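First comes the structure, then the notes that go with it.
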Amino acid sequence: MKSYDAIVIGGGPAGMAAALYLVRAGVKTLLVEKLSPGGQMLMTEELENYPGFPRGIKGYELGDRMAEHLQGYEVDRIFDEVREIKVGEGEHSILIGDEWINTRSIIFATGVTFRKLYVPNEEKLLGRGVSYCALCDGNFFRDKVVAVVGGGNSALEESLYLSRLVRKIYLVHRREEFRGLKCYQDKCYADPKIEPVLNSVVSRILGDDDVNGIEVQNVKTGEYSEIELDGVFIFVGFDPVSKFLPPEIELDDWGFIKTDCEMATNIPGIYAAGDIRSKNCRQVVTAVGDGATAATAAFAYLEHKNG
Ligand code: NAP
């Protein structure tokens, strides 16, 4: 059976930073990533708040640069899904695809997945007008009418991005006030293409083969109305990617992994980094910091075990 000192699960910024710090410290490391490296950076048009890039950088470009940085080192990589983890005494086993692999330490960096509205037709019309990624799908809606659902930074930022492409955006939010930063709110309110639809929830997505509208309910009056449009972009937050986590790992009430300030979980030798961790600030820059901290702590743990 293959065996490693550290397995990093997840190839976003937290996972790539952790792997980089581990291999540079001489730790025999495996990085497991389901798809391509980059995580949610791949879905971010422009990162304006990552230090060192005063004019911003495309999400995919930063992801590529991090992946390229790692390529200079001897880190094993598997592009597959982790299916099960067995926690042991000092050694753990991970089922990746059909293969069990042993490791003395683990860093979880699997991030989050987009939350759904769970309204009629959302699933059926996914890819046929329903989207969770403006960067991926925005181009299909050039000069068309769309709705953006949500009131956080993602909904506001993505509305501003889409406004460069589409003819009109209905920005549907369930409360009177947006949650996102004031600077994004101001830009959205000033944008003539963006029409806020406040105190409203999407109750149904309309269309047989493709989206042709939404039904919204005003939560104050209870009244329903329909809006004709071509696409619906949903940005209502996210959930942790945690279905394969062993039951021994302690989670918070929302399913995110609890860690201490060294990124250590309640199980010795197991760490968490990035968006999967219970914390307030979920940003690329904090993910990278988490990854470096977790790797440093894992290295110290392995050294201590080696005596
Ligand atoms: P978020 O901040 O959690 O906002 C989710 C939004 O969706 C909230 O406005 C929420 O309404 C609404 N919502 C949740 N469930 C809903 C439902 N079932 N139906 C209708 N509306 C629903 O999520 P996010 O915008 O994805 O951002 C996630 C994190 O990433 C945040 O910490 C954010 O600051 C960060 N982020 C930062 C940047 C940046 O700094 N450039 C960019 C993007 C994201 P309520 O307001 O009523 O709860």
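Both ligands and their constituent atoms are indexed starting at 1 by order of listing. Hydrogens, waters and symmetry mates play no part in the numbers below; they use all other heavy atoms, side chains included. Model, not experiment: these values are computed from the prediction.
Ranking protein heavy atoms by distance to atom 34 (O) of ligand 1, first place goes to N153 ND2, 2.8 Å. Counting protein heavy atoms only, atom 7 (O) of ligand 1 is closest to V236 CA, 3.2 Å. R174 NH2, 3.8 Å is the protein heavy atom nearest to atom 10 (C) of ligand 1. Protein heavy atom in closest approach to atom 9 (O) of ligand 1: G151 N, 3.1 Å. Of the protein's non-hydrogen atoms, the one nearest atom 42 (C) of ligand 1 is E157 OE1, 3.3 Å. Nearest to atom 8 (C) of ligand 1 among the protein's heavy atoms is R179 NE, 3.6 Å. Closest to atom 37 (C) of ligand 1 among all protein heavy atoms lies Q283 NE2, 3.0 Å. When hydrogens are left out, the protein atom nearest atom 23 (O) of ligand 1 is G237 CA, 3.4 Å; that is the closest non-hydrogen contact.
Residue contact check for ligand 1: F114 places no non-hydrogen atom closer than 4.0 Å to it. Within the 4.0 Å heavy-atom cutoff, V201 does not count among the residues contacting ligand 1.
Within the 4.5 Å cutoff, no side-chain heavy atoms of N212 are placed close to those of E228.
The shortest N/O to N/O separation between N280 and ligand 1 does not fall below 3.5 Å. Of the polar atoms of A155, none of the N or O atoms is found under 3.5 Å from an N or O of ligand 1, judged by distance alone. Between R115 and ligand 1, not a single N/O pair is under 3.5 Å apart. Checking only distances, Y184 does come within under 3.5 Å of ligand 1, N or O to N or O.
Comparing heavy-atom distances from atom 24 (P) of ligand 1 across G180, S154, G152 singles out S154 as nearest.
Under the 6.0 Å cut-off for aromatic ring centres, F235 and F114 do not qualify, their centroids lying 6.0 Å or more apart. Two rings, from Y189 and F178, have their centers less than 6.0 Å apart.
Partner of I101 under the side-chain contact (heavy atoms from CB on, under 4.5 Å) criterion, out of L95, V82, I96, V32: I96 alone.
Taking CG from L117 and CG from N121, the interatomic distance works out to 12.0 Å, rounded to the nearest 0.5 Å.
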Taking it one step at a time, do F53 and L62 satisfy side chain to side chain contact (heavy atoms under 4.5 Å, CB included)?
CA-CA 10 Å; F53 296 94; L62 188 58; 4.0 Å; yes

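Under a hydrophobic-cluster definition in which Ile, Leu, Val, Met, Phe, Trp and Tyr are linked whenever side-chain heavy atoms come within less than 4.5 Å, directly or via other members, L206 and I227 are assigned to different clusters.
With a 4.0 Å heavy-atom cut-off, ligand 1 is reached by the side chain of F238 but not by its N, CA, C or O. With a heavy-atom cut-off of 4.0 Å, L117 touches ligand 1 through its side chain alone. When heavy-atom distances to ligand 1 are checked against a 4.0 Å cut-off, Y50 has no atom that comes that close, whether in backbone or side chain.
Proximity of atom 28 (C) of ligand 1 to the protein is indicated by at least one non-hydrogen atom lying closer than 4.0 angstrom.
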Identify all side-chain donor-acceptor contacts of residues 246-256 below 3.5 Å with residues at least two apart in sequence or on another chain.
| unit_1 | atom_1 | unit_2 | atom_2 | d |
| --- | --- | --- | --- | --- |
| E250 | OE2 | K258 | NZ | 3.4 |
| D252 | OD1 | W254 | N | 2.8 |
| D252 | OD1 | G255 | N | 3.0 |
| D252 | OD1 | F256 | N | 2.9 |
| D252 | OD2 | S278 | OG | 2.7 |

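Counted by atom type alone, S163 and D191 present one or more donor-acceptor pairs between their side chains at under 3.5 Å.
Ion pairing between a basic and an acidic side chain is recognised when a charged N comes within 4.0 Å of a carboxylate O; K28 and D76 show no such pairing.
For ligand 1 and R175, the ligand atoms under 4.0 Å from any heavy atom of the residue are 45 (P), 46 (O), 47 (O). Ligand-side atoms of ligand 1 in range of H173: 9 (O), 11 (O), 45 (P), 46 (O), 47 (O), range being under 4.0 angstrom from any heavy atom.
Considering only residues two or more places apart in sequence or on other chains, N306 meets the side-chain hydrogen bond (donor to acceptor under 3.5 Å, both in side chains) condition with R104.
In plain terms, the two heavy atoms of R83 and F244 that are nearest each other are O-CB, 4.1 Å.
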